Visitor: 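The structure that follows is given in the form of structure tokens.
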Amino acid sequence: MSHDYIQFIEKVHRKTGIDLSQYKEAQMKRRLTSLREKRGHHDFNSYYDALENDSWLLEELLDRMTINVSEFYRNRKRFEVLEHKVLPYLLDKKKKLRIWSAACSTGEEPYTLAMILQPYIPLHQVEILATDLDVNALRKAEEALYHERSLKEVSPDILSKYFRKEGSSYRVIDDIRKSVTFKKHNLLSDRYQRDFDLIVCRNVMIYFTEDAKKTIYKNFNHSLVDGGIFFVGSTEQIFSPQKHGFEVYDSFFYQKGQKQATGNAF
């Protein structure tokens with residue numbers, strides 16, 4: 001790791017609270033070098049000096065550091081497993097659910113969760129917490145207005161039921177919007193809430209170092225109720241999940257502790 005890059009990530013950590021040393025170096029450095037060069041800086045020292053004096057440049061950096069690629073029903077087959085296997089299991093145990101969509105980006109994922117849940121349980125009996133590091137992404141999530149490219153996996157019946165067309169975009173209906181609470185949260189440094197029945201964290205763990213992953217897995221495990229489910233992205237299979245306190249429940253779904261056949265997991 002070059003000296004000026006080390007200094008840069010230390011300064012960014014002090015300024016923003018985001019520890020880039022916990023992200024895979026090659027991927028992050030390549031992304032930030034591209035951005036730095038795009039803005040006409042030949043080294044990270046001069047780039048950081050520019051960030052200190054230009055809030056817009058800092059916002060751009062934060063957007064590039066956080067990976068905001070999302071869509072509704074992303075990897076739809078996995079959401080079908082969630083609806084037809086995981087959800088019945090959870091609702092067999094209790095009639096109120098607590099769900100966390102971690103690293104939720106611009107909100108497509110937690111809104112998808114609410115749309116899946118709505119036919120099976122009154123949404124006032126569900127608490128959906130959605131968190132992300134990027135306040136700009138959270139602002140867009142709360143606005144709930146999406147371009148059609150985010151909706152390519154949405155079926156026509158879901159589109160007509162849960163969205164309203166506004167110009168060339170689509171807005172999520174109020175009942176779904178109100179069921180999700182958005183908050184800023186840093187997976188690497190902030191306190192984790194407890195007693196979730198389901199935690200969804202998809203397509204972000206691939207950017208972290210192995211040490212960072214271990215810490216996050218441990219924290220997620222502690223945040224779940226006994227028997228709770230952890231849902232990961234389709235490129236994020238956990239090898240040796242037992243090391244982190246999980247068992248395989250289905251492909252890309254992991255359960256905390258032993259499977260409970262007698263219905264007393266909760």
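Fair warning: this is a prediction, and the values are worked out from it, not measured in the lab.
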Visitor: Please answer whether the main-chain N or O of Asn221 pairs with a side-chain N or O of Lys256 as donor and acceptor at a distance below 3.5 Å.
Guide: yes
Visitor: Is Phe182 close to Asp132 at the side-chain level, that is, under 4.5 Å between some pair of heavy atoms?
Guide: no
Visitor: My understanding is that only one of Phe253, Tyr249, Phe220 makes a ring pair (Phe, Tyr, Trp, His ring centres under 6.0 Å) with Phe230; could you say which?
Guide: Phe220
Visitor: Between Thr112 and Val154, is there a side-chain heavy-atom distance shorter than 4.5 Å?
Guide: no
Visitor: Compute the centroid of each ring, for His185 and then for Tyr192, and state whether the two points are separated by less than 6.0 Å.
Guide: yes
Visitor: Take Tyr217 and Tyr254 through the side chain to side chain contact (heavy atoms under 4.5 Å, CB included) test and state the conclusion after the steps.
Guide: CA-CA 11 Å; Tyr217 289 148; Tyr254 298 89; over 6 Å; no
Visitor: Do Tyr146 and Phe72 have ring centroids that are under 6.0 Å from one another?
Guide: yes
Visitor: Less than 4.5 Å apart, side chain to side chain, heavy atoms only: is that true for His147 and Tyr170?
Guide: no
Visitor: Under 3.5 Å, is there a donor-acceptor pair between the Tyr162 and Gln118 side chains?
Guide: yes
Visitor: Are the side chain of Glu127 and the backbone of Leu97 linked by a donor-acceptor contact shorter than 3.5 Å?
Guide: no
Visitor: Hey, is the main chain of Trp56 close enough, under 3.5 Å, to the side chain of Glu59 for a donor-acceptor pair?
Guide: no
Visitor: Less than 3.5 Å apart, any donor N or O on the side chain of Tyr73 or Glu108 sitting next to an acceptor on the other?
Guide: no
Visitor: As a quick check of understanding, evaluate side chain to side chain contact (heavy atoms under 4.5 Å, CB included) for Asn45 and Phe8, giving each step before the final call.
Guide: CA-CA 7 Å; Asn45 289 328; Phe8 179 77; 6.0 Å; no
Visitor: Do Trp100 and Thr131 have side-chain N/O donor and acceptor atoms under 3.5 Å apart?
Guide: yes
Visitor: Between Tyr120 and Glu83, is there a side-chain donor-acceptor contact under 3.5 Å, judged purely by atom types and distance?
Guide: yes
Visitor: What do the steps show when you test Lys140 against Glu143 for salt bridge (Lys or Arg N to Asp or Glu O under 4.0 Å), and what is the final call?
Guide: CA-CA 5 Å; Lys140 292 175 185 175; Glu143 187 181 10; over 6 Å; no
Visitor: Asn136 and Arg139: side-chain donor and acceptor closer than 3.5 Å?
Guide: yes
Visitor: State, without any angle test, whether Thr209 and Asp211 hold a side-chain donor-acceptor pair at a distance under 3.5 Å.
Guide: no
Visitor: Taking the side chain as every heavy atom from C-beta outward, state whether Asp54 and Arg39 have any atom pair closer than 4.5 Å.
Guide: no
Visitor: Can you tell me if Ser189 and Asn186 form a side-chain donor-acceptor pair at under 3.5 Å?
Guide: yes
Visitor: Hey, mind stepping through Asp250 and Arg78 against salt bridge (Lys or Arg N to Asp or Glu O under 4.0 Å) and telling me if it holds?
Guide: CA-CA 10 Å; Asp250 201 295; Arg78 294 297 93 208; 3.6 Å; yes
Visitor: Is there a donor-acceptor contact under 3.5 Å linking the side chains of Ser101 and Glu109?
Guide: yes
Visitor: A side-chain contact here means heavy atoms from C-beta on lying under 4.5 Å apart; do Ile128 and Tyr111 qualify?
Guide: no
